[in-house]
Structures are given as C-alpha cells and as structure tokens.
Amino acid sequence: KANQQLIPIISDLDLLYLIYPNKIYIGITGSVGKTTATYLLHHILSTNLVDKNIHIGGIMSENLFKEADIYVTEVSSFQLERTNFMLVTDFAILNICDTHKERYTDYNLYYISKIWLILKLMLYHNNSTVFLHKDILSFTTEHRVHYFEDNMDFIYQITNKYGINKDSVNEISKSFKSPPYRQQVIYKSDNVTIIHDGHSTNLFSTNYGIKYINPDIVIIGGKKLNSKLKLEVNNKNKIWTFGESAIELNTQYNIDKTFT
C-alpha cells in the first residue's frame, strides 16, 4: 500500500544511519557464512579495540538502535534493496550461490541483485571499500562459493585495517563461540543430545552441520527448498521432515518419519 501511494520506504539500516550518521559501519552479506563472519569479526574487534564500543547490527541484532562507535552488521539482500542512505565504510560480499530461491526464483536474478548492490555502493559512496572474491564477477560460474577460507580472508583484510595482524586474529578466534541458534545444545541427557541449528537457512549450512555433527536423526523442514542443492546424509542419518519442504524431501530420500 505504501508503494501504491508513493510513500517512501526506508530500511532499518537507513534509519540507524540517520540517527547516528558519524559512526563506522561494516556491512557483511552473502549466501553462506555471513552470520558467523559477523560474530567473529565483532569478537576480534571487541577484543582488540577496547576503547571502542562495538555493536552487532542487522539481522541478528537484539537492539539495532543502540549507540556505538562501530557497527558490524549482517545484511540480507532484502534489507539492501531498500537501503539508500547508509554510508558503509567497509562492505563484504562473501559469496553468491544457489540459495534462497524462495525469494529469487531465477539464480541469475539473485546474482544480478547482488552485483547491483556493489554498483550502488560504488556510485553513491565513493569512500566505501568493497571486499569480494574475484570469482564473484565470473558470471559463468554456477556456484560462487569459497566457504570459510575466503570468509577468513575477508576477516584478515578488514582487521588489518584496524591494526590487527593475522597471528592475533588466529589467536583470538580460538576463544570465539558460535552465534545463537547455530549448533546450539538445547537438551542433553545420558542418552540423548538435541542440537538446534535454527539459523541454518540454506542447504549449504545444513550440510556443513550434518557433516560436522554426524547426527543419528536429522529433523529438517519449513518452507519449500526450491534448490538444486541436495541434502548430504549418510546411511547412519535418519531423516524426519515437516512443513512445505517435506513433500520435496520425501520424493528424494528414504524418509523415516514425517510430521504434518
């Protein structure tokens, strides 16, 4: 209705910038790994820059509008589409891959939307530094994923700008704890451990968690996946499904139980 009545719509990130315009903003987006990269970068900067108030903003922020000196923000494509005023000091596109097709039915549209965001930053904010892997600009590459190693390359580059060397980053990373809802133990007894990975919003992240944990039972579901990616399970893993994606999963795998 707002669009129909030509009422301007701004993002929460724009609103944050309008309230605190003279701060440092670091933006992180991508298909895979942006939550972990955001929390890790916040952990490293907070440990080293003790004279600065550093706040996590964006998708996972509990209080986005808290005043700080530096904002490390995880940013979704949806937010960026409506963000025009926010002056990002440093911005990273970690990777672009075949995920979130519930929003972008065509992979090329998803890719173009990300590239447009880079161009918009460069056009409107001449002082912004954009970090991205060279393969992201290769339009013929089906999956532009360089998970973890390249995400860490970004961490090394951005922390170096703040005088933190690679050895210090590696040492501080040892004390890093996973973000909320990421492989979080919510129940544990002598015989049963339940691990909640609720922020795993695509099959790349889900498959990584399955490989790392190798659980007896994988409970997966929600909205329709609509992805070329496949769930990577072994003979040990039983699969329980629920929600819209259960129908899709049930045709692809030997499902042990379905909840409707």
Side-chain angles (χ1 to χ4, degrees), residues 28-44 46-47 55-64 72-76 78 94-95 97-103 145 147-149 151-152 155 172-260:
I28 301 174
T29 193
S31 303
V32 183
K34 56 184 177 289
T35 301
T36 300
T38 300
Y39 273 80
L40 178 57
L41 180 58
H42 174 267
H43 175 66
I44 294 167
S46 298
T47 302
H55 185 56
I56 288 183
I59 300 170
M60 296 290 287
S61 178
E62 294 181 0
N63 181 9
L64 176 62
V72 183
T73 58
E74 176 187 358
V75 187
S76 69
F78 178 76
L94 299 178
N95 43 60
C97 56
D98 185 21
T99 59
H100 303 305
K101 295 188 77 172
E102 72 283 352
R103 177 166 176 78
V145 174
Y147 189 38
F148 187 71
E149 289 85 359
N151 291 2
M152 283 303 299
I155 297 290
I172 296 167
S173 296
K174 294 177 182 178
S175 60
F176 174 66
K177 295 182 179 178
S178 296
Y181 315 114
R182 178 57 56 84
Q183 297 180 12
Q184 176 184 16
V185 176
I186 59 174
Y187 176 82
K188 187 176 181 64
S189 67
D190 293 337
N191 300 317
V192 177
T193 300
I194 300 176
I195 300 174
H196 180 213
D197 200 20
H199 197 67
S200 179
T201 56
N202 60 70
L203 282 179
F204 275 108
S205 298
T206 300
N207 287 334
Y208 181 84
I210 292 172
K211 182 178 179 181
Y212 178 76
I213 300 169
N214 194 23
D216 295 300
I217 299 173
V218 177
I219 303 176
I220 183 171
K223 288 188 174 295
K224 189 176 180 180
L225 299 174
N226 194 24
S227 174
K228 295 178 183 177
L229 300 173
K230 301 298 182 182
L231 190 64
E232 297 176 3
V233 292
N234 57 46
N235 292 332
K236 174 192 173 183
N237 308 134
K238 293 183 178 180
I239 306 174
W240 295 0
T241 61
F242 66 93
E244 293 177 11
S245 60
I247 298 173
E248 181 180 353
L249 290 166
N250 289 358
T251 62
Q252 299 175 8
Y253 305 96
N254 184 20
I255 305 300
D256 295 275
K257 187 175 292 189
T258 297
F259 298 91
T260 58

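Rounded to the nearest 0.5 angstrom, Thr241 OG1 and Ile219 CD1 are separated by 10.5 Å. Note: Met152 CE to Leu41 CG = 10.0 Å, rounded to the nearest 0.5 Å. Here CD1 of Ile239 is found 10.0 Å from OG1 of Thr258. Values are rounded to the nearest 0.5 Å. In this structure, NE2 in His43 is found 14.5 Å from OG1 in Thr38, a value given to the nearest 0.5 Å. Here the straight-line distance linking atom OH of Tyr187 with atom OG1 of Thr193 works out to 9.0 Å at 0.5 Å rounding. Atom CD1 of Ile220 sits about 14.5 Å away from atom CH2 of Trp240, to the nearest 0.5 Å.
Of the options Thr35, Ile155, Val72, a side chain to side chain contact (heavy atoms under 4.5 Å, CB included) to Ile28 is made by Val72 and by none of the others.
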Working note: Asn237 + Asn214, criterion side chain to side chain contact (heavy atoms under 4.5 Å, CB included); need CA distance, chi angles, decisive distance, verdict. CA-CA 7 Å; Asn237 308 134; Asn214 194 23; 3.4 Å; yes
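Closest approach of Lys34 to Glu74, counting heavy atoms only: CG-OE2, 3.4 Å.
Around the NZ atom of Lys236, the shell of radius 6.0 Å holds more than 12 heavy atoms that belong to other residues, nucleotides or ligands.
Contact check on Lys238 versus Asp216 returns no salt bridge, with no Lys/Arg side-chain nitrogen under 4.0 Å from an Asp/Glu carboxylate oxygen.
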